[in-house]
Structures are given as C-alpha cells and as structure tokens.
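In this text, all values refer to a predicted model and were calculated from it rather than measured experimentally.
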Amino acid sequence: MIDLTSSGLQNIVVEEAEDGIYTVTLSRPAKRNALDAATIEAFVSLFSALPRQGARAVVVRAEGDHFCAGLDLVEHFEEDRRPEDFMHLCLRWHEAFNKIEYSGIPVIGALKGAVVGGGLELASAFHIRVADHSTYFALPEGQRGLFTGGGATIRVAGLVGKARMIDMMLSGRIYKEQEAVDVGLCQYLVDDSESKAMELARAAVQNPPLSNFAICSAISHLQNMSALDASYAESVVAGIVNTQPASRSRLEGFANKTAARIKPKV
C-alpha cells in the first residue's frame, strides 16, 4: 500500500479523515483549479489506488472560491497541440473520470463557485454532487471555439438531457441555485457543501462495502447495456449482493421488527 497523503500527486491533496473516508482537494486556487495535464494524471493515479487502499468513501473539494474552471486554457494555448495529441489528452481525461465513476467507492463532490467546462465533466463523474449558493454550472466551450472532450456528451447529457446540453454550449446558459437541482446538475443545494458532503459520506460508509460497490459501479455499467442484457446483469449483481453475509443481521432485524423503520424526518 502507498501513502496517498504523501505520494506527490500534482495539484491534489489527499487526506484520510475517518472510517475509510478520504478527502481529495483540488489545490490550484490561483488558476481557479483549472485542470492541466498533470492534474488529470494525478486523478488517474489516485483513483487507480483508492479502491485497493480500502477507501470506503471520497469527498472531493477545492481550495479557493471555485471548484473547477475546466480545461487549463493557458496550457492548451501554449502547448499548441496537434489534433492527435489533444485526442490522446482527452482519452486520459476519460480514463480519469471513468475510474471515478466506476470505482465502486461513493464519490461525493462538495461544489462551490465555478463548475464549468471540464470542471462540470469532472463533477458529473461523481456519484453525488452537493452545491452551495455560490455554485454555478456552464459549458462555455462554444464561446471559446472548443468542444467538450472529457465526457460531457455522455455524463452531462445523461444528467440534463441532450437538448439542455446543446443549449448550454450554444448560448452559454448558466445554471445555478434551485434551477441547477431541478435539471439534475446537483442533488443538494445547501449553505455549506463541504459539511453536507461529509455527512453524506458518513452515511454511505454505514452500508456494507459490497452494496456500495454495486451501487457505485453496476448502475453505470447497466446503463451502457441493452435492456435485455441489463436485466440479466442486474439479476446477477442482486444475487451476489443480496445474499452476502453482511446482509443477514440487517435482514434478521427487519424480520424481528427491531430494525429502524424507513420514514421521513418530521
């Protein structure tokens, strides 16, 4: 096992908080946490290691006033990449974000300020997104003469629908506050996104790890299958998860009427 808290990941700080919960901090506040090539490589390395480190949940946060302003446009301009070079860079973005989405670990984003372009692509790979009242979402690629390359056509379109995504790119439309929740860009709108994200992480780690693994990997895989294949695969996953030893005591409590009832808070 490697010490992720001192492994030299560029532009990312990793801390182990409690109960297997890790905090991952984007640490380029002077650049509004824009994603350069080194940061993407750090995400690839980090989310390759976390599942093997016994991580049970991850909260992703950011230093400064903004979560992430997207692709580092200064680096992109200075590199003056050839088409095939930028294509390979995009494939590394896909590698990083796929490792997040399919990690099997609950990944919760504590969002604030700008969540735009590649920053929204990063956030859309999280399993839960918590926004505060400063948070705004946008895809300004059209105005920059660019096109999304980190999975927005897959994940953001999956969240808000094709028509809304096209509108965001063509018109520069910005979503924030309750409207962002209503269209699916985030699930929570709170005063303190970091506190809420940690609360959700603490709730998630109360679940059996195998259940979380299925929730945070199988659902995304099933969405990529035909309905017939997905129904079969779902049955296989349910057969494994629903007969795990960790379920027995919980099921016994339900059968004996000693388990807490599911009901809304008053």
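A side-chain donor-acceptor contact under 3.5 Å links S235 to the backbone of S231. Side chain of Q187 to backbone of H127: a donor-acceptor contact under 3.5 angstrom is found. The backbone N or O of G64 lies less than 3.5 Å from a partner atom in the side chain of K112, making a donor-acceptor pair. Of the possible polar contacts, one joining the Q206 side chain to the R202 backbone as a donor-acceptor pair under 3.5 Å is found.
S103 and V107 get closest at one heavy-atom pair: OG-CG2, 4.1 Å. Among all heavy-atom pairs drawn from S134 and D132, the shortest one is OG-OD1, 2.7 Å. The two residues Y188 and V181 come nearest to each other via the heavy atoms C-CG2, 4.4 Å. Smallest separation of non-hydrogen atoms from F126 and G109: CD1-CA, 3.5 Å. Smallest separation of non-hydrogen atoms from R92 and I40: O-CG2, 3.6 Å. Among all heavy-atom pairs drawn from V241 and S247, the shortest one is O-OG, 3.6 Å.
Checked against ring pair (Phe, Tyr, Trp, His ring centres under 6.0 Å), F147 has no partners two or more places apart in sequence or in another chain. Applying the side chain to side chain contact (heavy atoms under 4.5 Å, CB included) rule to A42 yields the partners L9, I12; only residues at least two apart in sequence or on another chain are considered. Under the side chain to side chain contact (heavy atoms under 4.5 Å, CB included) criterion, V205 pairs with D19, I21, R56, A57, sequence neighbours left out. Scanning for side chain to side chain contact (heavy atoms under 4.5 Å, CB included) contacts around I215 gives N212, I219, with sequence neighbours left out.
Counting heavy atoms from C-beta outward, E63 and T25 have side chains that approach closer than 4.5 Å. Using a 4.5 Å cut-off on side-chain heavy atoms (C-beta onward), I105 and P51 make contact. Between T148 and L120, every side-chain heavy-atom pair lies at or beyond the 4.5 Å cut-off. Looking at V60 and I100, their side chains never come closer than 4.5 Å, going by heavy atoms from C-beta outward. Counting heavy atoms from C-beta outward, F67 and S193 have side chains that stay 4.5 Å or more apart. Contact of the N33 side chain with the T39 side chain is not registered, since no non-hydrogen atoms from C-beta on lie closer than 4.5 Å. Residues E95 and N98 are not in side-chain contact: their nearest non-hydrogen atoms beyond the backbone lie 4.5 Å or more apart. Proximity of I240 to L210: side-chain heavy atoms (C-beta onward) are separated by under 4.5 Å at one or more points.
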Criterion side-chain contact (heavy atoms from CB on, under 4.5 Å) on D191 and H133, from CA distance to verdict | CA-CA 6 Å; D191 293 329; H133 294 285; 3.1 Å; yes
Do R164 and R173 pass the side-chain contact (heavy atoms from CB on, under 4.5 Å) test, and can you show the C-alpha distance, the side-chain angles, and the key distance before you say yes or no?
-> CA-CA 9 Å; R164 283 197 180 99; R173 181 171 183 170; over 6 Å; no
For side-chain contact (heavy atoms from CB on, under 4.5 Å), just list the numbers for R129 and L159, CA-CA rounded to whole Å, side-chain angles, deciding distance to a tenth of an Å, and then say yes or no.
-> CA-CA 11 Å; R129 288 165 298 284; L159 294 175; 3.3 Å; yes
Determine, step by step, whether T23 and M198 satisfy the side-chain contact (heavy atoms from CB on, under 4.5 Å) criterion, reporting the C-alpha distance in whole Å, the side-chain angles of both residues, the deciding distance to 0.1 Å, and the verdict.
-> CA-CA 9 Å; T23 300; M198 187 58 69; 3.7 Å; yes
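Using the six-membered ring where Trp is involved, F97 and W93 have ring planes that are perpendicular, over 60° apart on the 30 and 60° scheme. Relative orientation of the F86 and H76 rings is tilted, given thresholds of 30° and 60° on the angle between their planes. Between Y102 and H221, the ring planes lie tilted relative to each other; the angle falls in the 30° to 60° range.
One distance of note links CG of L111 with CG of L189; it measures 10.5 Å at 0.5 Å rounding. The distance from the CG atom of D72 to the CG atom of N11 is 9.0 Å, given to the nearest 0.5 Å. Between S48 atom OG and Q53 atom CD the span is 11.5 Å, to the nearest 0.5 Å. Distance CG/D36 to CG/L73: 12.0 Å, rounded to 0.5 Å. In this structure, CD in Q143 is found 7.0 Å from OG in S171, a value given to the nearest 0.5 Å. The CG atom of L46 lies 11.0 Å from the NZ atom of K99; values are rounded to the nearest 0.5 Å.
Linking Ile, Leu, Val, Met, Phe, Trp and Tyr residues whenever their side-chain heavy atoms come within less than 4.5 Å places F137 and L122 in a single cluster. Neither V183 nor I174 shares a network with the other; the hydrophobic side chains, linked directly or stepwise wherever heavy atoms of I, L, V, M, F, W or Y lie under 4.5 Å apart, form separate groups for each. Cluster membership check: V115 shares its hydrophobic cluster with F43, using side-chain heavy-atom separations under 4.5 Å among Ile, Leu, Val, Met, Phe, Trp and Tyr. V24 is not connected to V44 by any chain of hydrophobic side-chain contacts under 4.5 Å among Ile, Leu, Val, Met, Phe, Trp and Tyr, and they are in different clusters. Cluster membership for L50 and L26, using ILVMFWY side-chain heavy atoms within less than 4.5 angstrom, is shared.
Using a cut-off of 4.0 Å between Lys/Arg side-chain N and Asp/Glu carboxylate O, E141 and R144 are scored as not salt-bridged. Taking 4.0 Å as the cut-off between side-chain N and carboxylate O, E121 and R155 do not count as a salt-bridged pair. Salt bridge annotation for E75-K31: absent, with no cationic side-chain nitrogen under 4.0 angstrom from a carboxylate oxygen.
The environment of D65 atom CG is sparse: at most 12 non-hydrogen atoms of other residues, nucleotides or ligands sit within 6.0 angstrom. Atom OH of Y136 has more than 12 neighbouring heavy atoms from other residues, nucleotides or ligands inside a 6.0 Å radius. When the shell of 6.0 Å around CD of E194 is examined, it contains more than 12 heavy atoms from other residues, nucleotides or ligands.
With a 4.5 Å cut-off between side-chain heavy atoms of Ile, Leu, Val, Met, Phe, Trp and Tyr, the cluster of L170 takes in I166. Side-chain contacts under 4.5 Å among hydrophobic residues (ILVMFWY), followed directly or transitively, place M225 together with L222.
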